[in-house]
Amino acid sequence: MPSGCSQFIHYLWLAFRVFLRNPFLAALIVLTLGIGIGASMTLVTVVHVMSSDPLPSRSNKLFFPHFAIGPSSYADVDPGKGFTWPDAFRLLRAHRAVRQAVMVGGRLAVDRNGGLAPFFEEGRYVSSEFFSMFGSPFVTGRGWSLREDNARRRIVVLNSGLAIKLFGSDRAAMGQIVQLQNHDFRVIGVLRDWHPRPLFYGNSSGAWAFKSEDGFFIPLTTAMSLNLPVSSGETCWGEGGKTSNQCTWLQFWVELDTQVQVEDYHKFLMDYWHEQKEHDRFPQDMPPQLYGLMQKLRRLDVVPSDIRLQLWLAIGFLCACLFNTTCLMLAKFLYRSGEISSRRSMGASRRDIFFQFGIEAVALGLTGGILGLLLTWCGLWLVRQQPEIYAKMAYLDTSMVVATFVMAVFASVLAGLLPAWRACRIPPALHLKVF
Amino acid sequence: MDMPPSVTSLMRHKLTVILIMAGTAFTCAIVINIASIVMHRIALVDAPSGLQESAVIIIDSNVTNMSEDDDSAVRLNRLSQYRGDVFKLHNITYVESSAVMSGLPLHGGLGMSVNKNSNINGEGGLQVTAFIGGPGTLNTLGLHLAQGRDFVSSEYIPSDGIHNLNKVSSAIISSALSERLFHTKDVIGSLIYLSGHPVHIVGVVNNLMGMSPRLGSGDNDYGMLLPLEPDGYHVTFVMRAKKGLRSYAIKQAMNVLTKHNSIRIFNNAKTFSRLREEYFGHDKSMIRLLLFAGFSLLVVTTAGVAGLASFWVRQRTRNIGIRRALGATHFDIFCYFHIENFMIMTGGVVVGCMLAWLFNLFLMKVYSLQALSLNYLVVGALMTWLLGQVAVIFPAFRAAMVPPAEALRFRMG
């Protein structure tokens with residue numbers, strides 16, 4: 001409606017003229033709003049970043065079977081995140097999902113012939129379908145096949161960082177020999193700097209999942225044949241050792257493309273559970289679950305409590321700033337009660353006055369939002385300087401910028417409601433007085 | 001000062017009063033909780049480790065050709081290697097004393113269950129961190145013996161991985177642990193049970209921090225030293241460097257160790273102070289964040305209260321003019337506003353303290369936070385009052401400057 005639009009612009013222009021007349025209170029309001037929004041959006045961005053999807057293109061197809069394998073006394077210790085060797089390989093060989101892979105972490109001494117002093121690097125022992133299932137991008141070379149898995153070949157896929165550290169460039173690493181824990185491995189592929197954050201396929205949770213980076217990948221079968229050390233933590237309730245039924249230490253992921261496949265696989269897991277229970281295994285009464293990737297992150301990998309504390313702090317801070325903005329807006333609006341009552345006596349309705357001050361609040365909100373965005377940007381810079389695990393990831397993205405402005409306008413409108421209502425209740429002047 | 005009229009005038013401006021009280025109460029509640037969290041974190045970060053942190057340096061040693069079948073001959077070989085390394089390190093000019101350990105405070109160790117009686121299940125036992133160290137450990141770390149003695153050389157046995165843990169006969173514990181276990185000072189010679197195995201206490205040190213001190217956990221200072229010589233794959237060489245010469249000592253020690261050992265990887269060569277800084281890095285940045293947030297909040301609230309008070313003064317210029325015309329002095333007006341502000345602040349503080357208590361209960365349930373002690377409420381209340389008065393100084397001053405003639409002028413704001 002053209003008249004409404006021009007009225008809106010008229011009020012906006014009026015609002016800015018008012019700011020110029022009394023810049024002090026306007027500046028104070030913008031400052032308060034800006035600080036409140038800047039501080040809370042900084043913290044909200046950090047939480048947003050920590051809850052982000054590590055593999056957005058594939059996360060809806062990746063699933064995590066969750067069994068409670070150990071005895072009942074281990075219910076707290078082993079939250080079902082690990083598989084035993086026999087269970088993992090039975091599920092792997094059954095091949096009932098589109099793709100499936102077994103994996104576990106290891107920290108090995110890395111060396112190459114000549115020059116470099118040996119150092120430790122974290123990596124993963126995986127089965128052949130790992131790379132195709134997670135879509136790891138290769139710069140050069142390839143993963144390995146099931147046949148090479150079974151043959152326990154001494155082959156390795158390097159991540160870009162480790163390849164560059166050892167051989168100077170990604171491509172130069174192809175075909176070279178690397179010593180892992182004093183055994184020779186040949187490089188058959190190099191990944192394009194692939195570090196999903198959080199490292200959802202590992203055994204770490206919370207903040208540590210953001211710090212972990214895998215430098216190399218070797219076949220799990222090869223690692224076991226060479227007795228290489230495992231660093232993901234194992235839970236054992238007997239003396240049987242890693243290949244027995246009494247130690248959980250492996251992670252198992254599957255790819256399922258359609259809902260029908262998901263249901264089928266869940267049924268397959270239930271059948272397997274019942275079958276094993278008949279052999280007196282799986283004493284706990286918890287049936288198997290099949291979690292999607294984001295579901296697993298939310299339920300099993302906890303966001304550190306300090307981050308959540310910061311979120312509550314942000315909300316509290318924003319509320320306090322809102323209160324103060326309301327106070328200041330009240331002062332600002334009622335300051336002009338003379339102007340209001342004369343406008344009312346000249347025919348303006350209460351709605352007009354309410355609308356006028358509502359627009360003023362929005363104008364203040366937008367200005368406060370700009371300041372808030374600037375402060376958020378500075379705040380995130382400060383966060384990146386901290387020795388925090390998530391520091392490297394603290395950046396503004398489009399959704400957060402939009403959220404900042406939305407929050408600014410929403411906050412200023414909320415803060416301005418009470419003052420605007422109070423302002424429109426000022427009665428019209430009964431007779432004009434001499435000023 | 002006339003109380004009743006100021007109360008009635010407050011009643012007439014209900015909205016303003018409520019807003020100021022609400023803003024103050026909310027800020028008060030948040031700032032009190034922030035202060036409590038910050039103080040507890042500072043206590044965690046500043047807790048003494050027991051070590052002579054200005055002098056201790058560490059270097060980790062890692063064997064690279066590990067295998068599952070680690071027989072006793074291989075272990076004995078490693079044991080003598082480590083002994084040789086400790087001897088070589090001891091002879092470095094910048095090093096006063098050296099020892100080999102398998103884990104030390106903030107850097108690994110063994111989690112064990114300790115009991116006063118021979119409860120084989122280890123249930124109801126205290127969670128402590130056991131540190132295994134060869135001869136010279138106590139001296140090198142600079143731990144202060146409050147009672148008893150260090151281990152004698154005959155008490156040390158090879159650790160054989162962790163298999164010889166139940167052949168150990170003596171232990172040195174921290175005084176916090178001894179207080180917790182026995183509630184008395186005289187514990188030398190008493191028996192404690194490590195997972196069912198009896199061990200004599202031969203010494204008590206002032207402090208010995210565990211391997212992973214955390215906020216809100218009572219067992220941060222429950223450390224224990226055992227006389228076992230490490231022979232595993234991963235050990236840490238600890239040294240006490242001469243005063244001010246830590247970095248030289250680290251360089252020399254690395255040279256000495258790497259010269260004769262090509263199959264081991266040596267890393268984490270740093271001072272204990274640096275190790276401690278890295279460990280508590282997150283807690284320190286949380287402290288900074290919370291302090292910054294609390295301070296900003298106070299600034300914002302003070303500005304808000306000042307702004308509103310300033311406006312409110314202008315709104316009542318006529319009243320003030322009348323008072324002045326009736327004989328009130330500048331000082332009377334000034335005090336009047338301060339007292340009025342004080343009453344509003346009192347309301348805000350009372351509500352704020354109750355809110356602070358509620359917030360704290362909520363935070364305690366959702367996070368492992370500690371309960372709010374009365375001190376914080378008192379200090380928070382005082383600070384809020386103070387800030388409220390500071391916020392109103394300028395407006396009250398302006399009010400006091402209003403001349404009596406204002407009473408005669410009609411103003412509409």
Side-chain angles (χ1 to χ4, degrees), chain A residues 24-25 28-29 31-32 35-36 39 43 108-109 111 117-120 181-182 207 226-229 241 304-306 308-310 312-314 316-317 319-321 323-328 330-332 334-342 382-383 386-389 391 418 422 429 433-435, chain B residues 15-16 19-20 22-24 26-27 29-30 33-34 37 62-69 233 258 262-265 267 277-278 281-286 288-290 292-293 296-297 299-301 303-312 314-315 359 362-363 366-369 410-413:
Chain A
F24 178 66
L25 269 180
L28 215 54
I29 294 177
L31 192 69
T32 310
I35 291 179
L43 296 171
L108 300 179
D111 200 0
F119 55 93
F120 279 113
Q181 212 77 356
N182 294 319
L226 293 174
N227 267 320
L228 296 182
S305 57
D306 270 349
R308 285 184 293 149
L309 183 70
Q310 289 179 27
W312 282 109
L313 185 69
F317 199 90
C319 287
C321 283
F323 265 122
N324 288 303
T325 308
T326 311
C327 286
L328 289 171
L330 188 70
K332 189 174 196 306
L334 294 188
Y335 199 81
R336 285 139 50 202
S337 10
E339 174 199 321
I340 296 171
S341 56
S342 55
L382 274 174
V383 167
Q386 301 300 320
E388 294 277 17
I389 291 170
L418 189 63
R422 183 68 185 78
K433 298 207 171 153
V434 177
F435 290 110
Chain B
L15 186 62
T16 316
L19 273 180
I20 295 183
T24 314
F26 211 77
T27 304
I30 295 182
N33 275 297
I34 286 181
I37 296 175
N62 306 278
V63 166
T64 55
N65 54 347
M66 305 187 261
S67 58
E68 282 280 306
D69 36 73
Y233 293 130
T258 48
S262 54
I263 55 167
R264 278 194 265 158
I265 293 183
N267 56 5
E277 233 177 73
E278 285 169 4
H282 164 71
D283 292 291
K284 284 196 177 149
S285 68
M286 274 302 282
R288 278 194 289 266
L289 175 79
L290 289 169
F292 186 73
S296 313
L297 199 55
V299 165
V300 159
T301 306
V305 168
L308 195 55
S310 176
F311 159 73
W312 201 16
R314 286 198 68 110
Q315 215 185 16
F359 282 179
F362 168 70
L363 288 173
V366 177
Y367 307 105
S368 56
L369 276 177
F410 286 117
R411 247 174 206 272
M412 302 262 276

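Reminder, nothing fancy here: chain letters follow the sequence lines and each chain counts from 1.
Annotation: maximal heavy-atom pairing with chain A below 4.5 Å, among B/Thr27, B/Leu289, B/Ile20, B/Leu290, occurs at B/Leu289. Here B/Ala293 is the residue among B/Ala309, B/Ala29, B/Ala293, B/Gly281 with the most heavy-atom pairs under 4.5 Å with chain A. Taking A/Gly36, A/Ala314, A/Ala39, A/Cys319 one by one and counting their heavy-atom pairs under 4.5 Å with chain B, the maximum is reached by A/Cys319. When each of A/Leu382, A/Asp111, A/Leu309, A/Leu28 is checked for heavy-atom pairs under 4.5 Å with chain B, A/Leu309 comes out on top.
Put simply, the side chain of B/Ile30 reaches to within 4.5 Å of the side chain of B/Phe359, judged on heavy atoms. Inter-residue side-chain proximity for A/Phe317 and A/Ile35 is flagged as met; some heavy-atom pair is nearer than 4.5 Å. At least one side-chain heavy atom of A/Gln386 sits under 4.5 Å from a side-chain heavy atom of B/Arg288.
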Check against side-chain hydrogen bond (donor to acceptor under 3.5 Å, both in side chains), A/Thr32 and A/Asn324: CA-CA 7 Å; A/Thr32 310; A/Asn324 288 303; over 6 Å; no
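Residue contact with chain A, scored on non-hydrogen atoms closer than 4.5 Å, involves the backbone and the side chain of B/Leu297 alike. Contacts of A/Leu43 with chain B are made by side-chain atoms alone, with heavy-atom separations under 4.5 Å and no backbone atom involved. When heavy atoms are compared at a cutoff of 4.5 Å, A/Gln181 approaches chain B by way of both its backbone and its side chain. For A/Leu108, no part lies near chain B; criterion is any non-hydrogen pair under 4.5 Å. With a threshold of 4.5 angstrom between heavy atoms, A/Phe119 approaches chain B through N, CA, C or O but not through any side-chain atom. Proximity to chain B (any heavy atom under 4.5 Å) is restricted, for A/Pro229, to the side chain, taken from C-beta onward.
For B/Ser285, the side chain to side chain donor-acceptor pair (under 3.5 Å) test picks out A/Glu388, with sequence neighbours left out. Under the rule for a ring-ring contact (aromatic ring centres under 6.0 Å, His included), the partners of B/Phe362 that lie at least two apart in sequence or sit in another chain are A/Trp312.
Taking CD1 of A/Ile29 as the start and OG1 of A/Thr326 as the end, the distance is 9.5 Å to the nearest 0.5 Å.
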